[in-house]
Amino acid sequence: MDLPERPLLDRLAAYAHAAAHRPGTPCRCAGGLVGVLADRDDGTVVRHGRLVAKAHAPGTDPEEHRARLALAGHPDVRAVLLPPLLAPRPAAGELDGTGTLAGRPVTLWPYGPPVDPADPDAAPWEEAARLLALLHRTPPPVGAADRLPEMRAPVKAALAVERMRRTAPDHPAAATVLAAWRSVPDHAAPGGPRLLCHGDFHLGQLVRATGSVPRQDLSSSPPAPWRLIDIDDLGLGDPAWDLARPAAWFAAGILPPEIWSRFLDAYRRAGGPAVGTDPWVRLDVPARALTVQTAALALAKSTAERRPLDEVEEVMIDTCARIAGHRTGPALSAST
């Protein structure tokens, strides 16, 4: 009798274990160094010791995924993106013959400590801005430009709205979100500049690259440099989208003005090309789209979880109402 298939999470954890240890070597990793970092529809991530294994989203395009993975490992962006690790031979029964897990591509990465959510004052806003500026200024590696896909930020905004339409069409705030979405020109269709972009920047996409520091020096050396992670939305596009989430948070009153100024000033000093003298000329439309995306996901998730909106989600709905009420001119910059 065939045994039932193990859940994806168990198989991914077993693969991470096999990748972290030589065959026959017992695991002596402390409990805090092994566990699930994320388990969502768009990605499942487990840690084992000094490495991380990720099963990417179902339906990931194989060619686009390979192009993004190759870019992450290219020496031209080693100062910006955390590079992937070379995958070992799959342990028997853990990965499918094509190196996937239930049809989902699997990748390995060095583990890096993330931004501490319990210490917001230490959040590396300036470092993040410099990394984004460097990424945006880096020419696509020779031979890669033709293979790199569009970065996915505009597409993700549209997908969030469609998810809300499917799962929360009768929510009292849905009409407000849709009215704000109608104010986004062409629903933020891709176009304009075609520079290297991350596609989903927020502070959760930063980790310390401890692999660049010799293990024996970790206690005495300065902190390891920050690097960007998550390749799933990486590609070519308008770099203003990488600044859109902090811009939307600032416009909504969630991100304090002094932090927004620090972030924007650091980006400009690093030669970032996404904004000019008036940042809202380029940021208004992407920031509106990210506001709508956040609000739409809030309605979808709160409806699925049968809970009321929390305070931050309410703020994003209120910001959508302000966007919808702006018939002409920039919708968000009026508050800045």
Side-chain angles (χ1 to χ4, degrees), residues 40-42 57 150-192 197-205 230 232-233 235 237-255 260 263 274-275 279-305 307-336:
R40 302 186 302 269
D41 293 342
D42 61 349
E150 297 283 340
M151 64 94 176
R152 295 185 68 248
V155 172
K156 291 184 74 172
L159 289 174
V161 173
E162 289 307 310
R163 179 176 171 181
M164 181 195 72
R165 282 182 167 133
R166 290 194 314 271
T167 61
D170 300 323
H171 194 287
T176 299
V177 176
L178 290 174
W181 181 237
R182 287 191 291 271
S183 80
V184 180
D186 296 324
H187 287 179
C197 299
H198 181 269
D200 187 30
F201 168 73
H202 52 82
L203 289 181
Q205 306 288 33
D230 190 354
D232 292 329
D233 304 304
D238 183 348
W241 284 85
D242 279 347
L243 278 61
R245 184 175 272 107
W249 289 347
F250 164 64
I254 296 171
L255 189 68
W260 168 245
F263 175 78
V275 294
W280 293 99
V281 171
R282 294 279 298 279
L283 292 180
D284 183 69
V285 168
R288 271 189 272 170
L290 261 291
T291 301
V292 172
Q293 175 182 325
T294 304
L297 290 176
L299 296 191
K301 292 178 180 179
S302 64
T303 298
E305 296 165 7
R307 61 168 176 82
L309 296 171
D310 64 29
E311 183 177 356
V312 172
E313 291 168 339
E314 290 279 11
V315 168
M316 300 311 291
I317 300 299
D318 291 344
T319 307
C320 283
R322 178 153 50 85
I323 291 172
H326 239 85
R327 300 299 181 186
T328 59
L332 292 177
S333 60
S335 68
T336 63

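Predicted, not measured: the structure shown is a model, and the values here were computed from it.
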Item to complete: Could you note down all residue pairs passing salt bridge (charged side-chain N to carboxylate O under 4.0 Å, His left out) where residues 295-305 supplies at least one of them, sequence neighbours left out?
Response: Glu305-Arg307

Worksheet item: After noting the C-alpha distance and the side-chain angles of Cys197 and Asp238, does the key distance pass the side-chain contact (heavy atoms from CB on, under 4.5 Å) rule?
Response: CA-CA 7 Å; Cys197 299; Asp238 183 348; 5.8 Å; no

Worksheet item: Arg245 side chain to Phe201 main-chain N or O, any donor-acceptor pair under 3.5 Å?
Response: yes

Worksheet item: If you look at every heavy atom in Leu255 and Pro246, which pair is closest and at what distance?
Response: CD2-O, 3.6 Å

Worksheet item: How close do Ala173 and Leu299 get, heavy atom to heavy atom, and via which atoms?
Response: C-CD1, 3.8 Å

Worksheet item: Can you tell me how far CD of Gln293 sits from CZ of Arg163, rounded to the nearest 0.5 angstrom?
Response: 10.5 Å

Worksheet entry | Val155 and Glu150, any side-chain heavy atoms less than 4.5 Å apart | no

Worksheet item: Roughly how far, to the nearest 0.5 Å, is the CD1 atom of Ile254 from the CE atom of Met316?
Response: 5.0 Å

Practice prompt. Please report the shortest heavy-atom distance between Ala174 and Ala168, naming the atom on each side.
Written response: CB-O, 3.7 Å

Worksheet item: In Å and rounded to the nearest 0.5 Å, what is the CG to CG distance from Leu290 to Asp242?
Response: 9.5 Å

Practice prompt. Check whether any side-chain heavy atom of His171 sits under 4.5 Å from a side-chain heavy atom of Ile317, and report yes or no.
Written response: no

Worksheet item: Around Asp310, counting heavy atoms of other residues, nucleotides and ligands shown, do more than 12 lie under 6.0 Å from its CG?
Response: yes

Discussion item. Once side chain to side chain contact (heavy atoms under 4.5 Å, CB included) is applied, do any residues pair with Asp230, and if so which ones, sequence neighbours excluded?
Written reply: Lys54, His198, Asp200, Gln205, Asp232

Worksheet item: So how far is it from Ser183 OG to Leu178 CG, rounded to the nearest 0.5 Å?
Response: 11.5 Å

Worksheet item: Distance from Leu203 atom CG to Phe263 atom CZ, nearest 0.5 Å?
Response: 8.5 Å

Item to complete: Please report the closest heavy-atom contact between Leu283 and Ala247, naming both atoms and the distance.
Response: CD1-CB, 4.2 Å

Practice prompt. Considering non-hydrogen atoms only, spot the tightest contact between Ala252 and Val315 and give its length.
Written response: O-CG1, 3.3 Å

Practice prompt. Take Arg152 and Leu159, measure what side-chain contact (heavy atoms from CB on, under 4.5 Å) needs, and give me the verdict at the end.
Written response: CA-CA 10 Å; Arg152 295 185 68 248; Leu159 289 174; 3.7 Å; yes

Discussion item. Run the side chain to side chain contact (heavy atoms under 4.5 Å, CB included) test against Pro286 and tell me which residues pass, sequence neighbours left out.
Written reply: Ala240, Trp241, Ala244

Discussion item. Main chain of Ala300, side chain of Thr303: is a donor-acceptor contact present, judged purely on distance under 3.5 Å?
Written reply: no

Discussion item. In the structure I gave you, are the side-chain heavy atoms of Val275 and Val281 within less than 4.5 Å of one another anywhere?
Written reply: no

Fill in: Ala298 to Leu309 - nearest heavy-atom pair and separation
O-CD2, 3.9 Å

Worksheet item: Relative to each other, are the rings of Trp280 and Trp260 parallel, tilted or perpendicular (30° and 60° limits)?
Response: tilted

Discussion item. Check this for me, if you would: do Arg288 and Asp284 make a salt bridge, where the nitrogen-to-carboxylate-oxygen distance has to be below 4.0 angstrom?
Written reply: yes

